[in-house]
Enquirer: 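Questions regarding the structure given below will be posed in turn.
Below, read A as the first sequence line, B as the second, and so on, with proteins coming before strands; counting in each chain starts at 1.
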2 protein chains.
Amino acid sequence: MTSNPIKNSVSNSTNSTKSNYHHGDLHQQLLNKATLMIEEGGIEGLSLRKLATRVGVSRTASYHYFKDKNDLLCAIAENGYKLRIKTALMNLNNDSLSAREQFHFFVHDYVRFAYENQELYELMFGRAIWKQQNSTQALRDVAYPCFQYQLELTKNWQQNGLIKSDENTLRLAQVIWGTVHGIAKLLIDGIYTHTSQVEEICDSAIALFTNMAPSDVVLKVDLDS
Amino acid sequence: MTSNPIKNSVSNSTNSTKSNYHHGDLHQQLLNKATLMIEEGGIEGLSLRKLATRVGVSRTASYHYFKDKNDLLCAIAENGYKLRIKTALMNLNNDSLSAREQFHFFVHDYVRFAYENQELYELMFGRAIWKQQNSTQALRDVAYPCFQYQLELTKNWQQNGLIKSDENTLRLAQVIWGTVHGIAKLLIDGIYTHTSQVEEICDSAIALFTNMAPSDVVLKVDLDS
DNA sequence: TTGTTAAACTTGACGCTGTCAAGTTGAAAG
DNA sequence: CTTTCAACTTGACAGCGTCAAGTTTAACAA
């Protein structure tokens with residue numbers, strides 16, 4: 001035996017001998033595979049049975065780590081919020097950015113995050129979790145600071161004279177969130193007819209909110225990473 | 001036999017004698033009952049089997065009028081668009097309205113329609129139908145004019161100097177739609193934490209787009225019907 | 001009046017789903 | 001070496017959408 005005994009016991013789901021008792025990182029494996037499956041086949045396409053088969057365990061194995069399907073979805077969304085906050089802080093908490101640049105980044109970055117993680121975004125901000133009080137406490141603890149952060153940003157944009165300062169900050173933040181959320185949803189749900197022009201739509205939104213001439217809006221910053 | 005023979009054959013789903021062959025308006029009955037069930041228990045809560053039971057027919061009876069579940073959902077959404085256009089035209093195509101009043105009405109009316117027909121709205125503008133090219137031709141024929149109408153309104157608001165006229169009309173219309181859609185979705189999906197202040201959020205959106213002082217925004221028009 | 005036809009509706013069956021209860025496995029602790 | 005208990009499996013159930021094949025019945029033709 002040269003290989004790690006734990007890893008060895010985990011591997012080989014096609015093994016015909018019945019040594020499939022994991023005793024390993026099944027929790028994490030389920031989460032990872034489920035996140036992957038969701039991005040591939042949508043939230044509706046994820047079934048606990050298919051997930052179990054793909055991870056190489058029996059159909060009800062996941063019930064030892066997640067109370068039910070909703071609990072698993074909440075855990076996936078939770079990771080999504082952590083990812084979102086991490087990337088947002090990385091892109092926006094840069095002192096060399098002007099308020100204008102920061103706002104521009106925020107809008108484009110928000111919509112891009114949603115587009116690049118369509119099913120994850122739907123899970124994070126969609127009806128499946130929030131509509132009928134389905135969210136777990138752990139999820140709420142990660143999700144709320146995410147909006148609080150957006151509120152902070154809005155306050156900053158107001159203080160820098162970028163957007164109307166004679167308007168309630170909370171309301172403004174809600175409107176701005178509504179706008180980027182709405183654009184993202186119309187985009188990823190396939191309702192906008194010309195999806196290639198989303199960047200332009202974002203720029204128009206920025207122009208409307210900041211009351212700048214259209215020519216001022218497009219920055220010379222390369223957004224491609 | 002005093003009653004209408006057709007109506008008679010339709011009625012009495014609890015009848016123990018096996019005279020449940022409808023030969024009536026089952027198509028319309030299915031549509032009506034399904035629309036009702038969706039608004040009660042959500043899109044996910046609607047099953048063809050429960051629908052059939054409630055209408056008083058066998059589980060597969062609906063397949064004679066709708067190709068599959070998706071086809072039924074499209075038909076319901078189609079009716080939703082017709083309702084939306086009817087109410088929008090009724091409320092907004094009033095010559096006595098100023099551009100400002102019309103814009104104010106549009107925003108509040110849009111969000112209210114979504115709120116009062118939550119599940120129908122989700123069906124009309126949600127992923128279930130649009131995401132994977134699931135829409136029927138009949139649905140598309142009703143849905144597209146709905147956005148065209150919003151484009152016309154936007155052009156009008158621009159011409160009346162209410163919103164920026166140096167911006168591409170199509171882009172502006174897409175942004176405005178995105179905003180009201182986003183506000184509506186965050187509201188009905190239960191993501192906004194204080195749902196009672198949606199009217200204020202709408203007013204803030206109006207203020208942002210029209211560049212008016214907040215005090216100018218709230219009109220003295222009673223929106224309650 | 002009787003026979004035919006075709007549309008309207010039903011029954012049976014299949015594979016899929018989430019989930020509960022009860023049984024099995026196997027590593028680790030005594 | 002035995003006990004214990006978490007980890008995992010198997011069996012079962014009700015529900016779902018949908019297809020194929022069968023039954024009912026209104027309407028029309030002879």
Enquirer: For B/Asp68 and D/dA20, give me the distance from atom CG to atom P, rounded to whole Å.
Expert: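 Going from B/Asp68 (CG) to D/dA20 (P), I get 14 Å.
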Enquirer: Please determine whether the number of non-hydrogen atoms from other residues, nucleotides or ligands lying under 6.0 Å from atom CD of A/Gln132 exceeds 12.
Expert: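 Incorrect, the count does not exceed 12.
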Enquirer: Map A/His64 and B/Tyr65 onto DNA chain C by nearest heavy atom, then report which one ends up closer to the 5' terminus.
Expert: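 Here B/Tyr65 is the residue nearer the 5' end.
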Enquirer: Closest-nucleotide mapping onto DNA chain C: is A/Lys67 or B/Ala61 further toward the 5' terminus? I mean the 5' end.
Expert: B/Ala61
Enquirer: Would the base of C/dG18 count as contacting A/Arg49 through its side chain, where contact means a donor and an acceptor less than 3.5 Å apart?
Expert: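 Check passes, donor-acceptor contact within cut-off.
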Enquirer: What is the separation between atom CG on A/Leu51 and atom C1' on C/dT17, rounded to the nearest whole Å?
Expert: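 My rounded result for the distance is 14 Å.
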Enquirer: How many whole angstroms separate atom CG of B/Leu46 from atom C1' of D/dT18?
Expert: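 Value for this atom pair: 15 Å.
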Enquirer: Roughly how many Å is it from CG in B/Leu72 to P in D/dT18, rounded to a whole number?
Expert: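 Going from B/Leu72 (CG) to D/dT18 (P), I get 10 Å.
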Enquirer: Can you tell me which nucleotide in D/dT18, C/dC9, D/dT9 comes closest to the side chain of B/Ser58?
Expert: C/dC9
Enquirer: Rounding to a whole Å, what distance do you find between B/Tyr63:OH and C/dA13:C1'?
Expert: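 One finds 14 Å between C1' of C/dA13 and OH of B/Tyr63, rounded.
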Enquirer: Taking NZ from B/Lys69 and C1' from C/dT17, how many angstroms apart are they, rounded to a whole number?
Expert: 12 Å
Enquirer: Do any side-chain nitrogens or oxygens of B/Thr60 fall under 4.0 Å of OP1 or OP2 in D/dT18?
Expert: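 The answer is no; no side-chain N or O of B/Thr60 sits under 4.0 Å from OP1 or OP2.
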Enquirer: If I take atom CD in residue B/Gln29 and atom C1' in nucleotide C/dC9, what distance separates them, rounded to the nearest angstrom?
Expert: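 It works out to 14 Å between those atoms.
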Enquirer: Is there a donor N/O on one and an acceptor N/O on the other, under 3.5 Å, for the side chain of A/Arg59 and the base of D/dG11?
Expert: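 Looking at the base of D/dG11, it does pair with a donor or acceptor on the side chain of A/Arg59 (distance under 3.5 Å).
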Enquirer: With B/Ser204, which of A/Arg171, A/Glu167, A/Gln174 fulfils side-chain hydrogen bond (donor to acceptor under 3.5 Å, both in side chains)?
Expert: A/Glu167
Enquirer: Find the distance A/Leu73:CG to C/dT17:C1' and express it as a whole number of Å.
Expert: 14 Å
Enquirer: Does the separation of the ring centres of A/Tyr81 and A/Phe125 fall below 6.0 angstrom?
Expert: yes
Enquirer: For the residue pair A/Tyr149 / A/Asn93, report whether a side-chain donor-acceptor contact shorter than 3.5 Å exists.
Expert: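 Yes, because at least one side-chain N or O of A/Asn93 sits under 3.5 Å from a partner of the opposite role on A/Tyr149.
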Enquirer: Taking only residues two or more places apart in sequence, or in another chain, which ones meet A/Gln118 in a side-chain hydrogen bond (donor to acceptor under 3.5 Å, both in side chains)?
Expert: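 side-chain hydrogen bond (donor to acceptor under 3.5 Å, both in side chains) list for A/Gln118, sorted by chain: B/Lys131.
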